[in-house]
Amino acid sequence: MLTARNVLVGGLLLRAGMLLYGLWQDANMTVKYTDIDYNVFSDAARFVWEGGSPYQRSTYRYTPLLAWVLTPNAWLHPTFGKWLFVACDCVVGALVARIVQERGMSEQRAAAYSALWLLNPQVANISTRGSAESVVCAAVMAALYAIQRRQIVLGSMLFGLAVHLKIYPIIYALPLLVVLDRSAPEARSIAPPAWPKASSSGNNKIKSGSRLKGWVNAHRVCFFIVSASVFFLLSTAMYCMYGQEFVHETYLYHVARKDHRHNYSMWFLPIYLTFRSPASVAMGLLSFLPQAVVVAVLGFAYGQDLYFAAFAQTFAFVAYNKVCTAQYFMWYMCFLPVIWPYNSQRLVTKGLVLLGVWFGTQALYLQQAYRLEFLGENTFAPLWLAGLVIFAANNWVLQQIIASQRVVPLFGSSSHVSSQPLVKKSQ
């Protein structure tokens, strides 16, 4: 019988096998299995263990908290961090099963959807190579799950921690504020305040004040104060120890980041061609504008369905980002098993088409990247065109998912999932 425990054990065994294979590949093959980022983490952890700063390791662009957690890499075993990332992967899988089961799904079906994460070889590959994205994913999923269970203080604390670990989860603040209506603890359906109809200026002022008052409630104030306090407490502690270097490397660097190395982003080539020019900085900042608008609109429009809003926001955030690598895909893949039960496409027919387009465009890009890196051919223009294709494909895939998604309020009686198709096919 398919159970959450069996899937969890299978996911753990899959990762253990890939991790052990990675050790063999690192020792016997020219192309290494371990991601370069893991070497950066390990070096930073060693500097911290020896009483120094993690930023003594060039290209360390993360909170010192991560280096502290990985200090066992220096005194216990070099693979400690990978096992930690695997454990976080499993935490995400377990949370997926709990989330969908508590929203009305049977244990067997919940286990099947958690398998989309736990038995996904791409996810397992990323964590066993030494990427720390699973740590952030675990913090985010734990925060949203705590909110789902109406543990607002705990969820707010975990959210503050997630944003400290990596700044991108701040985008979930908008749907969290939307879903934290005063009716949330009573699990009633949530509706955002209605926009006032046109009337006299005096009535507009009264209604505007009422609308503002309706948005300010104990749940939202608690979320803001607690999450901000955790974030600033951790950040202040790091600043006291590492000064302005912490602020720049952990946060400011990512705002003004310019990456001349090829990646999936459509912004890669324009930034590369103007890398030494001040125009590249302006271009990097300008890229935030469409990204911010799309992410904000999605967060507000679907905020009542917290998990779907987070998925849509993250998918768009990654697609529009000025730097995009395969590791970033984990940011939204952790939400896919949670929102897919409410999608009319299921995992067959058109759903397979979406997966084919998503993987196919990446394969097109990787073909050009192989010619550049291993054959030494000048494929910068085809790489950029492939990036544009990926961008267009991602927008289409997201549009298709949104069009077929049944938006279900997190705190609504209609959140139970039927075993029947959610949307009937038109005759």
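Residue pairs meeting the side-chain hydrogen bond (donor to acceptor under 3.5 Å, both in side chains) criterion with at least one partner in residues 290-302, sequence neighbours excluded, are Gln291-Asn321. Sorted by first and then second residue, the salt bridge (charged side-chain N to carboxylate O under 4.0 Å, His left out) pairs with a member in residues 6-15 read Arg15-Asp89; sequence neighbours excluded. Note on residues 135-149: pairs passing salt bridge (charged side-chain N to carboxylate O under 4.0 Å, His left out), not counting sequence neighbours, are Glu102-Arg149. Sequence neighbours left out, the pairs with a member in residues 141-174 that pass ring pair (Phe, Tyr, Trp, His ring centres under 6.0 Å) are Phe159-Phe223, Tyr168-Trp331, Tyr172-Phe335.
Taking the six-membered ring for Trp and the full ring otherwise, the centers of Phe315 and Phe311 sit less than 6.0 Å from each other. The six-membered or imidazole ring of Phe246 lies near that of Tyr251, with a centre-to-centre distance under 6.0 Å. Checked against a 6.0 Å centroid threshold, the rings of Tyr320 and Phe391 count as neighbours.
Phe80 places none of its side-chain heavy atoms less than 4.5 Å from the side chain of Thr71.
Residues satisfying the side chain to side chain donor-acceptor pair (under 3.5 Å) test with Asp43, not counting sequence neighbours, are Arg46, Arg57. Residues passing the side chain to side chain donor-acceptor pair (under 3.5 Å) test with Asn39, sequence neighbours excluded: none. With sequence neighbours left out, Asp35 forms a salt bridge (Lys or Arg N to Asp or Glu O under 4.0 Å) with Arg129. Residues meeting the side chain to side chain donor-acceptor pair (under 3.5 Å) test with Asp305, sequence neighbours left out: none. With sequence neighbours left out, the salt bridge (Lys or Arg N to Asp or Glu O under 4.0 Å) criterion links Arg371 to Glu377. Residues forming a side-chain contact (heavy atoms from CB on, under 4.5 Å) with Leu66 (at least two apart in sequence, or on another chain): Phe41, Tyr60, Tyr62, Thr63, Leu70, Ala132. For Gln367, the side-chain contact (heavy atoms from CB on, under 4.5 Å) test picks out Leu364, with sequence neighbours left out. Taking Gln313 as the reference, nothing meets the side chain to side chain donor-acceptor pair (under 3.5 Å) condition, with sequence neighbours excluded.
Note that CG of Asn125 and CE of Met18 are 4.5 Å apart. Values are rounded to the nearest 0.5 Å.
Using a 3.5 Å distance cut-off with no hydrogens or angles, the side chains of Thr314 and Tyr328 do not pair a donor with an acceptor.
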